[in-house]
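The analysis underlying the following values was restricted to heavy atoms, covering all of them including side chains, and did not include hydrogens, waters or symmetry mates. Chain identifiers are assigned alphabetically (A, B, ...) following the order of the sequence lines, protein sequences preceding nucleic acid strands; residue numbering begins at 1 within each chain.
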2 protein chains.
Amino acid sequence: MLSLSKKTDYALLVLTTLAQKPKDYVSLRELAIKKNLPYRFLAQVARALVHDGLIISREGSGGGYRLNRPARKISVSDVVTAIEGGVALASCLSHSETECALAVNCPLKKGMPSIQRMVLKTLTKKTVADLLAAK
Amino acid sequence: MLSLSKKTDYALLVLTTLAQKPKDYVSLRELAIKKNLPYRFLAQVARALVHDGLIISREGSGGGYRLNRPARKISVSDVVTAIEGGVALASCLSHSETECALAVNCPLKKGMPSIQRMVLKTLTKKTVADLLAAK
DNA sequence: TTAACTCGTACTATATCAGTACGAGTTTAC
DNA sequence: GTAAACTCGTACTGATATAGTACGAGTTAA
């Protein structure tokens, strides 16, 4: 099944939650308890989002996380990139692959990029704000 | 990394190859040797395509596989469905999941379907014929 | 100084992926 | 009628990815 990982699910959930209090630093533990999600795992996800500059953290008591920019400027593509490292609909489109190992004159190498671009465009268009608006 | 499985890669490769000789039954072993791919594994892929009616098989000497309909009528979405069983960009969109386990009033449940639809539309539009044309 | 936070790495169990192995059944050609 | 060239189907296996858990260190506010 072509699907996003649970980490990405969680990431989107964290971001939509933070988007509802854009100015406050929100405690992740509190969020985890409220939504009944595994805190330690969420923390990994949150750190990845910090790493990619989607959210900002503040350590110490009263700290937590908040968005680093407006929710409408955070696309689903940003999130997928932060958590999963990108999109590669065919193995020859992966960065790590130096060359398409499939076959000589592979039609996928020529044909898949356009699909990949269209999917990426979709993911780039949709933002965290859109997710919230659909609520 | 959001990506299609190697099985799906292979499936697309098989289909584009069959599309070049739409009327002939093509031996999979021959195809495997030519493209330097693992035959037994390909056979699994091919059977899945038969099962979903994308290709037709003929057993026995001189047998093999051929397309069951014109290449322009076989979409990438068809292939993904045959091999991976579909697309579920969020876990709550999966068929097996009876209910979204993430959280009460989850924004993903409301917001993700539209993304999923757009991605599916992209995959449905692109056909095996398109892949070949891009060659 | 302690309570409430985040940071970071290491570990683990399970599932999925990417094949391999093996044998059975089917059809054509000699 | 039998051998060669095919597909069919299930079972197994090793490697990698997923979905967490464990543990402790560092940081800030009250």
Measure from [atom1] on [X] to [atom2] on [N] and round the result to the nearest Å.
| X | N | atom1 | atom2 | value |
| --- | --- | --- | --- | --- |
| A:Y10 | D:dA19 | OH | P | 8 Å |
| B:Y39 | C:dA21 | OH | C1' | 13 Å |
| B:Y25 | C:dT28 | OH | P | 11 Å |
| A:I33 | C:dA4 | CD1 | C1' | 12 Å |
| B:F41 | C:dT16 | CZ | P | 15 Å |
| A:I83 | D:dT18 | CD1 | P | 12 Å |
| A:I56 | C:dT6 | CD1 | C1' | 14 Å |
| A:L4 | D:dT18 | CG | C1' | 14 Å |

Using the closest heavy atom to pick a nucleotide of DNA chain D for each, name whichever of B:E30 or A:K7 lands nearer the 5' end. B:E30

Tell me which donor-acceptor pairs under 3.5 Å the side chains of residues 75-90 of chain A have, and how far apart each pair is, sequence neighbours excluded?
residue: A:S75; atom: OG; partner: A:S77; partner atom: N; Å: 3.4
residue: A:S75; atom: OG; partner: A:D78; partner atom: N; Å: 3.0
residue: A:S75; atom: OG; partner: A:D78; partner atom: OD1; Å: 3.4
residue: A:S75; atom: OG; partner: A:D78; partner atom: OD2; Å: 3.2
residue: A:D78; atom: OD2; partner: A:R69; partner atom: NH2; Å: 3.0
residue: A:D78; atom: OD2; partner: A:S75; partner atom: N; Å: 3.0
residue: A:T81; atom: OG1; partner: A:S77; partner atom: O; Å: 2.9
residue: A:E84; atom: OE1; partner: B:L2; partner atom: N; Å: 3.4
residue: A:E84; atom: OE2; partner: A:S5; partner atom: N; Å: 2.9
residue: A:E84; atom: OE2; partner: A:S5; partner atom: OG; Å: 3.2
residue: A:E84; atom: OE2; partner: A:T8; partner atom: OG1; Å: 2.7

Would you say the side chain of A:Y65 lies within less than 4.5 Å of the side chain of A:V14, judging by non-hydrogen atoms? no

Considering only heavy atoms from C-beta outward, does the side chain of B:K34 approach that of B:L31 to under 4.5 Å? no

Checking B:T16 now: which residues fulfil side chain to side chain contact (heavy atoms under 4.5 Å, CB included) with it, not counting sequence neighbours? A:P107, B:L13, B:V128, B:L131, B:L132

Kindly write out the residues that satisfy side chain to side chain contact (heavy atoms under 4.5 Å, CB included) with B:E59, not counting sequence neighbours, or none if the list is empty. none

Remaining members of hydrophobic cluster (4.5 Å side-chain criterion), A:I33: none

Presence of A:S57 side-chain N/O under 4.0 Å of C:dC5 phosphate oxygens OP1/OP2: no

Which atom pairs, donor and acceptor, lie under 3.5 Å between side-chain atoms of residues 43-58 of chain B and protein residues at least two apart or in another chain?
residue: B:R58; atom: NH2; partner: B:G62; partner atom: O; Å: 3.3

Interface polar pairs with nucleotides 11-13 of chain D, N/O, under 3.5 angstrom:
residue: D:dA11; atom: N6; partner: B:Q44; partner atom: NE2; Å: 3.4

Going by the rule ring pair (Phe, Tyr, Trp, His ring centres under 6.0 Å), which residues pair with B:F41 if we only count those two or more places apart in sequence or in a different chain? B:Y10

Could you report the tightest heavy-atom contact between B:G111 and A:A134, atom names first, then the distance? CA-CB, 3.7 Å

side-chain hydrogen bond (donor to acceptor under 3.5 Å, both in side chains) contacts touching residues 114-123 of chain A (sequence neighbours left out): A:S114-B:K126

Determine yes or no for a side-chain-to-main-chain donor-acceptor pair under 3.5 angstrom, with B:D9 supplying the side chain and A:S91 the backbone. yes

At under 4.0 Å between heavy atoms, what does A:Y65 touch on the DNA or RNA strands: base, sugar-phosphate, or nothing? sugar-phosphate

Name every residue in residues 45-53 of chain B that has at least one heavy atom under 4.0 Å from any atom of DNA chain C, in order of residue number, or write none if there are no such residues. none

Which letters describe nucleotides 23-30 of chain D, given B = protein heavy atom under 4.0 Å from base, S = only from sugar-phosphate, - = neither? BB-BBBS-

